[in-house]
Amino acid sequence: MNAPSTAHTPSKEARNLRWLLAKLVDEVPGVRSVAVVSSDGLLLLSYDPDGTAGPGSGPTRGEEGKRAPSGPRGSSADLATIVSGLGSLTQGAARVLDGGPVKQTVVAMDEGSLFVMAISDGSLLGVHADPDCDMSVVAYHMALFVGRAGHVLTPELRTELRASMEDTDQ
C-alpha cells in the first residue's frame with residue numbers, strides 16, 4: 001500500500017503566510033483585493049473579492065457576518081499583473097533618478113487606491129482599497145505583513161506557493 005501523498009498539504013510556512021494575509025484582509029477596512037507577487041511577476045498569494053479561495057488564496061469574505069468587499073471578478077490576477085508592472089516601472093524610475101530602492105508606491109484614484117510595497121526578497125505586496133480607506137491604516141498593516149513575511153518568503157516557499165497557484169488554475 002502506498003503512503004498518502006502530501007504534495008498538496010501546505011507547509012507550516014505557507015499556512016503562516018496565508019494566515020498573515022488573512023489577518024491583513026480581515027483587520028483593514030476597505031480592502032478590495034490583495035496580491036503577493038514574486039520578483040519575476042508570478043502571483044504567489046491572493047485574496048479575490050469574488051469569494052473564490054484556492055490554495056494560494058486568502059480568506060473568503062461574507063462569511064459569519066463579515067463585510068464582503070466589492071471589486072471586479074478575477075481582480076486578484078489583474079492586481080498581480082498591475083502590481084508587477086507598477087513595481088517594475090517605479091524601480092526603473094528610482095534607478096534613473098538615483099533614488100535608491102523603492103519602498104512603497106501609492107496611487108490614489110477617484111474610485112479606489114492602489115498600494116504596492118516591496119518585500120525584502122524582491123517580491124511585492126499589492127493592495128487595492130476603497131477610495132475612502134484610511135491610507136495610513138492600510139500602509140501600516142502592509143508594513144506589518146512585509147515585516148513578518150519577508151524573512152519567511154524563501155525560494156522554497158515561493159516555489160511551493162507558485163505550485164499551489166498553478167494547481168488552482170487547473
Side-chain angles (χ1 to χ4, degrees), residues 1-28 30-64 66-88 90-91 102 104-105 112 114-129 138-139 141-170:
M1 183 150 112
N2 293 335
S5 173
T6 59
H8 296 292
T9 303
S11 67
K12 179 181 176 185
E13 292 82 9
R15 288 190 311 270
N16 286 341
L17 201 57
R18 290 182 183 129
W19 178 82
L20 287 172
L21 186 71
K23 189 172 170 80
L24 184 151
V25 171
D26 283 341
E27 292 183 354
V28 182
V31 171
R32 292 183 178 176
S33 57
V34 179
V36 176
V37 183
S38 68
S39 59
D40 54 356
L42 297 174
L43 181 62
L44 298 177
L45 285 171
S46 68
Y47 165 73
D48 202 329
D50 69 2
T52 304
S57 298
T60 57
R61 290 263 193 89
E63 301 167 0
E64 302 170 9
K66 293 182 181 176
R67 63 187 164 86
S70 60
R73 292 181 63 76
S75 62
S76 289
D78 292 341
L79 180 61
T81 302
I82 293 165
V83 165
S84 180
L86 188 57
S88 179
T90 55
Q91 289 168 8
V102 177
Q104 181 178 0
T105 303
L114 174 63
F115 303 81
V116 178
M117 191 172 285
I119 300 175
S120 62
D121 71 332
S123 298
L124 299 167
L125 170 64
V127 173
H128 178 214
V138 174
H141 283 274
M142 288 177 71
L144 287 177
F145 179 90
V146 166
R148 293 173 180 157
H151 70 281
V152 299
L153 204 49
T154 62
E156 295 81 15
L157 182 55
R158 285 192 304 273
T159 300
E160 177 185 347
L161 294 169
R162 284 183 199 157
S164 71
M165 291 305 291
E166 290 170 4
D167 290 344
T168 303
D169 292 340
Q170 296 174 2

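Quick note: residue numbers are just sequence positions, from 1. Note that these values count all heavy atoms, side chains included, but never hydrogens, waters or copies made by symmetry.
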- Message: Return the CG to OG1 distance between L114 and T105, rounded to the nearest 0.5 Å.
- Response: 8.5 Å
- Message: Using only atom types and a distance under 3.5 Å, with no angle test, would you say the side chain of R15 pairs donor to acceptor with the backbone of P10?
- Response: yes
- Task: State, to 0.1 Å, how close A35 and L43 come at their nearest heavy-atom pair, and which atoms those are.
- Result: CB-CD1, 3.8 Å
- Which distance, rounded to the nearest 0.5 Å, do you find between the NE2 of H141 and the CG of D26? 11.0 Å
- Rounding to 0.5 Å, atoms CG (L86) and CD (Q91) come to a distance of 9.5 Å
- In short, H128 meets G112 closest at the heavy-atom pair NE2-CA, 4.4 Å
- Quick one: closest heavy-atom pair of R18 and L45, and the distance? CG-CD2, 3.5 Å
- Which atom pair, heavy atoms only, marks the closest approach of S123 to S38? OG-CA, 3.6 Å
- Note on the structure: Rounding to 0.5 Å, atoms CG (L20) and CZ (R148) come to a distance of 6.5 Å
- Between V102 and A118, the two heavy atoms sitting closest are O-CB, 3.5 Å
- Can you check whether L124 reaches M117 side chain to side chain, under 4.5 Å on heavy atoms? no
- Apply the test salt bridge (Lys or Arg N to Asp or Glu O under 4.0 Å) to residues R158 and D40: give CA-CA distance (whole Å), side-chain angles for both, the deciding distance (0.1 Å), then the verdict. CA-CA 11 Å; R158 285 192 304 273; D40 54 356; over 6 Å; no
- Just wondering, do F145 and L17 contact through their side chains at under 4.5 Å, heavy atoms? yes
- Under 3.5 Å: donor-acceptor pair, side chain of S88, backbone of S84: no
- Query: Listed by chain and number, what are the side chain to side chain contact (heavy atoms under 4.5 Å, CB included) partners of S11, not counting sequence neighbours?
  - Reply: E13, A14, L157, E160
- Task: Decide yes or no for L125 and L24: does some side-chain heavy atom of the first lie under 4.5 Å from some side-chain heavy atom of the second?
- Result: yes
- Side chain to side chain, I119 and V36, heavy atoms closer than 4.5 Å: yes
- Under 4.5 Å between any side-chain heavy atoms of T90 and V116, yes or no? no
